[in-house]
Amino acid sequence: MEKVLDLLILNRVKFHTLSLRGRVVLSQLPLSITMLFLLVATWISDAPILADPLFGLSMVLNAVLLAACFLVPWDKLPYPSFLLIPLLDFVAIGLLREGAGSLLTGVGLLAAFPVIWLAASGQLPKLSVIGGALATLAMVWLPVLLKDTAVTFEVLARPLLIPFMMLAIGITVRVMTASTMEQQRVVEAKDAELRTLLEASGRRERLLSAVMSAVDVGVLAVDEDGNAILRNRRQEELRRLALPPGDEDAPESRLELYADGGSTVMPVQDRPIRRAMRGESFSEYLMWMGRKPGQRVLSTSAQAMADDSGRREGTVLAFSDVTELVAAVEAKNDFLSSVSHELRTPLTSIQGYAELLAMTPGLSPNMASGLDTILRNSDQLLTLVKDLLGTAAGFSELQPVPADLGVIAAQAVAAAEPRAAAGGVMLTAQSEGDLGVFCDPARVRQVLDNLVSNAIKYSPQGGNVTVSCTGGGGVVQCRVADEGMGMGAEETQNVFTRFFRSPAARRSSIPGLGLGLALSMDIVERHGGSISCESEPGAGSVFTFTLPVAGPPRDNDPDGACCRVVPAGAQPKP
């Protein structure tokens, strides 16, 4: 029974997807089936009615109209032409109504079928509703007007109920059809928009997949619980390096990850994914993956993801293989360290013997001048070698003690006065406020020596170099100003880069390697301070560094950027 109902209501047929001929046939079928049912019922119960010519003509006309629905190529005719079928249906229904007479009641209600067809067709909506009502009115009045009996108001009013019912049905169907069509248009528009969004999403997904496969950087996306939701091919390759021998897969806690040059197992809580689970964002976080000799060095970065409400959704991590870069840096540092050690020993001997010779009594002026040149140049060369050695080896620990920045600055100025006097430069020191600070005095003195030395070197004869120190607000500040050649904005940005020297300095043949300021910045930042440069061409330069009074930061930097602090007199830990 259920299958029969599905067939009758066309449950498996989408009306709007049929051809025009199919829609016309399906629209005519309900009336034709109903009239066939009436024919069979009449043949069984009221056979004499079949002899009425109007009854037979109505059945023949209905059969002809149904055949026309099948045979006429409606798609080749003007589109509204199919409405001729429901209009002719009124003729067939009128003939049936007259032929059946009073033996079949309610036959006039069959007009609802063509009325519904006209109203639901969507063609000439207002005219089709009115036309259906007028056709029904003609169906009930024409027989009255064509008869020989007298036409009275009572006779004409008696059948008006049917036209009014058909008008109401037509209006109802039209309103419901218009609403349905509007909803269908909205649904189709939404469907088209959804298809467009799906196509765009598919393109973005394919693009993301292609990019992820093409880049030579491991990419891993994890949710807030650390579960991997996206991983590219390169990340899979890198992860296999860290798997324990014999394991096809392992959690991050069991991966072979190392820190401190690849010799110390990285604690689980310091591993990139665990840090990402805590919501941290970081960059250039080094770790060593796998065992030697196939061990690789990775630089990891993480960026947290959040939804529109700010709730954390996970983190994207990037793993860059920097093994060759780290090896190159180590090779460079080893070379600089080796060269510096090899040069420092003979230079120390040259300087020592030159000083002994200079103390010999009775030296001629030419010999004394030559020895002075040897001492001066060897001292300059030894300073460069020390800078090279400091650049290569660096230093891993500070030894802070309570100190006075003003005293350190005065000592640096006093040591530089002979060079300033020789170059005709006026060197002055100023101090203001409380300058007590917890620092490594030797390292801070090294910063001041570099800044003062540079200021003297780049100042013209008769120029002024001022060293001023101030304190307050939990910090101390030192400012070294000169009246030298100055620099442009681009040169100022690069002045703290290793081996950088401005074009003007190179043209002027002023000696130097461009290492002093890089070392100074390293020392200041390890103290938790900052250093900056302000300069204009021809107007001199001002170097300013600031140190926190409380001293360098402790071991609380997750990236390991800050050095360990060792109190004075304590032994550094290995």
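All heavy atoms count here, side chains included; hydrogens, waters and symmetry mates do not.
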Any [X] side-chain heavy atom under 4.5 Å of [Y] side chain:
| X | Y | answer |
| --- | --- | --- |
| Val316 | Val219 | yes |
| Val495 | Phe543 | yes |
| Leu317 | Thr300 | no |
| Arg240 | Leu243 | yes |
| Val425 | Asn464 | no |
| Cys478 | Val467 | yes |
| Ser520 | Phe496 | no |
| Asp321 | Asp216 | no |

Closest non-hydrogen atom pair, [X] against [Y]:
| X | Y | value |
| --- | --- | --- |
| Ala304 | Ser281 | N-OG, 3.3 Å |
| Ser459 | Asp482 | OG-CB, 3.4 Å |
| Gln235 | Leu220 | CG-CB, 4.2 Å |
| Ala276 | Thr315 | O-OG1, 3.4 Å |
| Tyr285 | Asp270 | OH-O, 2.7 Å |
| Gly436 | Val476 | O-CG1, 4.0 Å |

Val222 and Met277: side-chain contact (heavy atoms from CB on, under 4.5 Å), yes or no, with the steps? CA-CA 8 Å; Val222 297; Met277 290 172 60; 5.7 Å; no

Between [atom1] of [X] and [atom2] of [Y], what distance do you get to the nearest 0.5 Å?
| X | Y | atom1 | atom2 | result |
| --- | --- | --- | --- | --- |
| Gln477 | Thr470 | CD | OG1 | 4.5 Å |
| Ile374 | Ile350 | CD1 | CD1 | 8.5 Å |
| Ile229 | Met305 | CD1 | CE | 4.5 Å |
| Leu194 | Glu188 | CG | CD | 13.5 Å |
| Gln430 | Arg479 | CD | CZ | 9.5 Å |
| Arg419 | Ile456 | CZ | CD1 | 5.5 Å |

Is there a side-chain contact (heavy atoms from CB on, under 4.5 Å) between His527 and Val437? Walk through the geometry before answering. CA-CA 11 Å; His527 276 83; Val437 60; over 6 Å; no

Counterpart residues, side chain to side chain donor-acceptor pair (under 3.5 Å), relative to Asn227 (two or more places apart): Asp223

Considering residues at least two apart in sequence or located in another chain, which fulfil the side chain to side chain donor-acceptor pair (under 3.5 Å) criterion with Glu199? none

Side-chain donor or acceptor of [X] paired with backbone N/O of [Y] under 3.5 Å:
| X | Y | result |
| --- | --- | --- |
| Arg271 | Met266 | yes |
| Ser453 | Asn450 | no |
| Ser301 | Ala318 | no |
| Gln295 | Gly290 | yes |
| Ser201 | Leu197 | no |
| Arg234 | Phe319 | no |
| Asn232 | Val217 | yes |

Looking at [X], I'd like to know if its [atom1] atom is crowded, meaning that more than 12 non-hydrogen atoms belonging to other residues, nucleotides or ligands lie closer than 6.0 Å.
| X | atom1 | result |
| --- | --- | --- |
| Glu432 | CD | no |
| Glu205 | CD | no |
| Glu536 | CD | no |
| Glu284 | CD | no |

Salt-bridge present (Glu236, Arg239; N to O < 4.0 Å): no

Check ion pair Arg526-Asp522 (N to O, under 4.0 angstrom): yes

For Glu193 and Thr196, what are the C-alpha separation, side-chain angles and deciding distance, and is it a side-chain contact (heavy atoms from CB on, under 4.5 Å)? CA-CA 5 Å; Glu193 183 180 357; Thr196 302; 5.6 Å; no

For the pair Leu448 and Phe545, evaluate side-chain contact (heavy atoms from CB on, under 4.5 Å) and give the outcome as yes or no after the intermediate values. CA-CA 10 Å; Leu448 279 163; Phe545 70 88; 4.0 Å; yes

Contacts of Asp404 meeting salt bridge (charged side-chain N to carboxylate O under 4.0 Å, His left out) (sequence neighbours excluded), chain-then-number -> none

Quiz question: by atom type and distance under 3.5 Å, do the side chains of Ser364 and Asn366 form a donor-acceptor pair? no

